[in-house]
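What follows is a short report on a single structure.
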Amino acid sequence: MTRTSTTHCMLALAVVAALAMGSAQAQTAAQSGVAKSDTKTSAKDAAAEADLARSQAQAAQNAAQQAAASKRGGALTSDGAAAARYQAHVADKASIDAQAAANDAVKAANQAGAARSAATGGTAQPENAVRQGRQAARTAELATAAASAAASDAALAAQAASQAVNAPPAPPVSAAMPSTMEPVEAQVTVTSSPSNSIVGDYKIDFAAMDRNGDGYISRAEAKSNATLTGEFAAVDSNNDGRLSKQELAGWL
């Protein structure tokens, strides 16, 4: 190979190398641009999630304070007071959970911001920066969802505490008896007795009472039986002042 041919060959190789280098640089630049855009979006989304999580944590804290105020205000019944204490505890725990979730969202937003800075400054591989940014944004989203759920629990607990302290006492058991219950009918006992008579001893010995043996019982002779004496006029159907066996037959 001549000197001229060698020179031409070297020049050709240099041109190829330069073209290859330029292509690689162009590819790197393109990847860097995509990484910058992607991490910027991730950082923006994560920051928005963190703001929302903080607002949910504040709402949960407000609900917990309302529940505590209901508890301190006193209740109409002892059961209501106990229920208010429990709901205030639930609301306070939910508030703590919401604040912890908000802190996680803020931490994730900071991580997404760091991934964007790395992509912009070229201190990290583009694909690594994109992956870190996306992961941080997803973490912020989950943390915000947890903060929202805790805020909802706190609001429900605050409402329950307010209802508990205002609940009236239960009505007496007697007042709660169903109106459909049939009334109990009073039992009535019916007794009867002959007219113009009094209850007493209706058993007599006619012969023994007829002391003079005239076949009749006079008023004087009837005095030995108080019942007959009291009903003498009613038994004396012919009003002759004495009682025959026939008249006493309907009385005995």
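Nothing here was measured: the structure is a model prediction, and the numbers come from that model.
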Using a 3.5 Å distance criterion without hydrogens, assess whether the side chain of [X] forms a donor-acceptor pair with backbone atoms of [Y].
X    : Y    : result
E49  : A143 : no
E247 : S244 : yes
T120 : R116 : yes
D210 : D214 : yes
Q163 : A160 : no
S55  : L52  : yes
S37  : G33  : no

Spacing of [X] atom [atom1] and [Y] atom [atom2] [to the nearest 0.5 Å]:
X    : Y    : atom1 : atom2 : answer
Q159 : S70  : CD    : OG    : 10.5 Å
S148 : Q56  : OG    : CD    : 3.5 Å
N110 : K107 : CG    : NZ    : 10.0 Å
E221 : N212 : CD    : CG    : 4.5 Å
K245 : I217 : NZ    : CD1   : 9.5 Å
R85  : K71  : CZ    : NZ    : 8.5 Å

For [X] versus [Y], what's the shortest heavy-atom pair and its separation?
X    : Y    : result
A154 : A60  : CB-O, 3.8 Å
A75  : A164 : CB-O, 4.5 Å
A64  : A91  : CB-O, 3.6 Å
A67  : Q87  : CB-O, 4.4 Å
A147 : A53  : CB-O, 4.0 Å
T144 : A50  : OG1-N, 4.3 Å

Are V235 and F206 co-members of a hydrophobic cluster defined by side-chain heavy atoms under 4.5 Å apart?
yes
Assess whether a salt bridge exists between R242 and D236, defined as any Lys/Arg side-chain N lying under 4.0 Å from an Asp/Glu carboxylate O.
no
Below 4.0 angstrom, N of the basic side chain to O of the carboxylate: do R54 and D51 qualify?
yes
Might you work through the side-chain contact (heavy atoms from CB on, under 4.5 Å) test for L248 and I204, ending with a clear yes or no?
CA-CA 10 Å; L248 285 172; I204 66 173; 3.8 Å; yes
Can you find a heavy atom in the side chain of T41 that is under 4.5 Å from one in the side chain of T39?
no
Is there side-chain contact between L243 and F232, with at least one heavy-atom pair below 4.5 Å?
yes
Over 12 foreign heavy atoms within 6.0 Å of CD, Q135
no
Verdict with supporting geometry, T229 and R219, side-chain contact (heavy atoms from CB on, under 4.5 Å):
CA-CA 7 Å; T229 299; R219 283 185 176 274; over 6 Å; no
One pair to check against side-chain contact (heavy atoms from CB on, under 4.5 Å): K93 and D153. What are the steps and the verdict?
CA-CA 9 Å; K93 184 179 183 303; D153 291 342; over 6 Å; no
Are a donor atom and an acceptor atom from the side chains of Q66 and N62 found within less than 3.5 Å of each other?
no
Between Q132 and N128, does the side chain to side chain donor-acceptor pair (under 3.5 Å) criterion hold? Intermediate values first, please.
CA-CA 6 Å; Q132 292 172 1; N128 290 339; over 6 Å; no
Kindly indicate, with the supporting measurements, whether the criterion side-chain contact (heavy atoms from CB on, under 4.5 Å) is fulfilled by M209 and N225.
CA-CA 9 Å; M209 191 173 291; N225 188 302; 3.9 Å; yes
